[in-house]
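Heavy-atom basis, side chains included; hydrogens, waters and symmetry copies ignored. From a predicted model like this one, the values you see are computed outputs, not experimental measurements.
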Amino acid sequence: MKRIDPRAVKARRMEGWIASAISVVLIIALLWLTMAYSWPVWIAGWSAAAVLLFIVLELAVLPGLLYRFWRYEITEKNVELNHGVWVRRKTLIPMVRIQHVDSKQGPIQKIYGLSTVTFSTAAGSHRIPALSEQEAENIRKQISDWAGGTDGEL
């Protein structure tokens with residue numbers, strides 16, 4: 001089975017920095033409200049401790065774990081996805097069930113040259129995140145061909 005692109009760790013950390021900055025701003029606002037309205041100090045204290053734990057997880061732990069546990073394999077008959085840190089998820093999607101395939105790229109992924117391939121079945125949507133742009137395009141075309149459609153149909 002293949003791994004996602006190693007640049008996924010850096011992209012995930014950048015997302016973590018953004019989420020952490022927002023969390024710190026919210027804690028500052030909570031501290032201000034605590035002082036302004038004489039709320040119990042423990043509310044802000046426990047909230048700050050929770051945000052600190054969140055920041056450590058987002059920046060130091062989760063990016064590496066998410067990269068380490070994401071695997072995919074694409075064959076002529078199936079797409080197999082294995083992922084999850086605490087809850088391992090194994091999904092096998094028959095190629096004949098795939099109705100639509102797409103690649104997309106958010107602003108942080110664009111910075112790191114990554115894309116996500118998303119494909120849909122009648123039962124739902126699945127994705128392979130953090131692939132290089134070229135690999136995502138190749139996978140999108142390959143799934144489209146093996147699923148029996150042309151680029152315009154899928």
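For the atom pair I143 CD1 and D102 CG, the distance stands at 11.0 Å (nearest 0.5 Å). Atoms CG and CD1, from L81 and I74 in turn, are 8.0 Å apart once rounded to the nearest 0.5 Å. Atom-to-atom distance recorded for S120:OG and R97:CZ is 15.0 Å, nearest 0.5 angstrom. Interatomic distance, CE of M95 versus CG of D145, reported as 10.0 Å (0.5 Å rounding). Within the model, atoms CG of L131 and CZ of R3 stand 14.0 Å from one another, a figure rounded to the nearest 0.5 Å. Between atom CG of residue L57 and atom OG of residue S20 there is a gap of 10.0 Å, rounded to the nearest 0.5 Å.
Counting heavy atoms from C-beta on, the side chains of H126 and V79 never come closer than 4.5 Å. L30 has its side chain within reach of W39: a pair of non-hydrogen atoms, C-beta onward, lies under 4.5 Å apart. Side-chain contact between I108 and Y112: present, with at least one pair of heavy atoms (C-beta onward) separated by less than 4.5 Å. Contact annotation: the side chain of I4 never approaches that of L66 to less than 4.5 Å [non-hydrogen atoms, C-beta and beyond].
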field: side-chain contact (heavy atoms from CB on, under 4.5 Å) evaluation trace for S125 with H100
entry: CA-CA 9 Å; S125 181; H100 176 78; over 6 Å; no

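The heavy-atom pair separating A44 from T34 by the smallest distance is CB-OG1, 3.7 Å. Closest heavy-atom contact between V51 and S23: CG1-CB, 3.7 Å. Considering every non-hydrogen atom in both A136 and V117, the closest pair reads O-CG2, 3.5 Å. Taking every heavy atom of both residues into account, S132 and D5 meet most closely at CB-OD2, 3.6 Å. Contact detail for G16 and E58: the closest heavy-atom pair is CA-OE1, 3.5 Å. Heavy atoms only, all atoms of each residue included: R13 and L59 are closest at NE-O, 2.6 Å.
By the salt bridge (charged side-chain N to carboxylate O under 4.0 Å, His left out) test, K2 is found to be paired with E135, residues two or more places apart in sequence or in another chain being considered.
No chain of hydrophobic side-chain contacts below 4.5 Å, direct or via other Ile, Leu, Val, Met, Phe, Trp or Tyr residues, connects L114 to V9. By the rule that hydrophobic residues join a cluster once side-chain heavy atoms approach within less than 4.5 Å of another member, I27 and I22 end up as members of separate clusters. The hydrophobic cluster containing L52 does not contain I43, counting ILVMFWY residues as joined when their side-chain heavy atoms lie under 4.5 angstrom apart, directly or transitively.
Counting only residues at least two apart or in different chains, ring pair (Phe, Tyr, Trp, His ring centres under 6.0 Å) contacts with residues 42-80 comprise W70-H83.
Distance alone, capped at 3.5 Å, is enough to place a donor-acceptor pair between the R88 side chain and the G84 backbone.
A side chain to side chain donor-acceptor pair (under 3.5 Å) with T116 is found for exactly one of R127, Q105, Q109, K104, namely Q109.
Within a 6.0 Å radius of CZ in R89, no more than 12 heavy atoms belonging to other residues, nucleotides or ligands are found.
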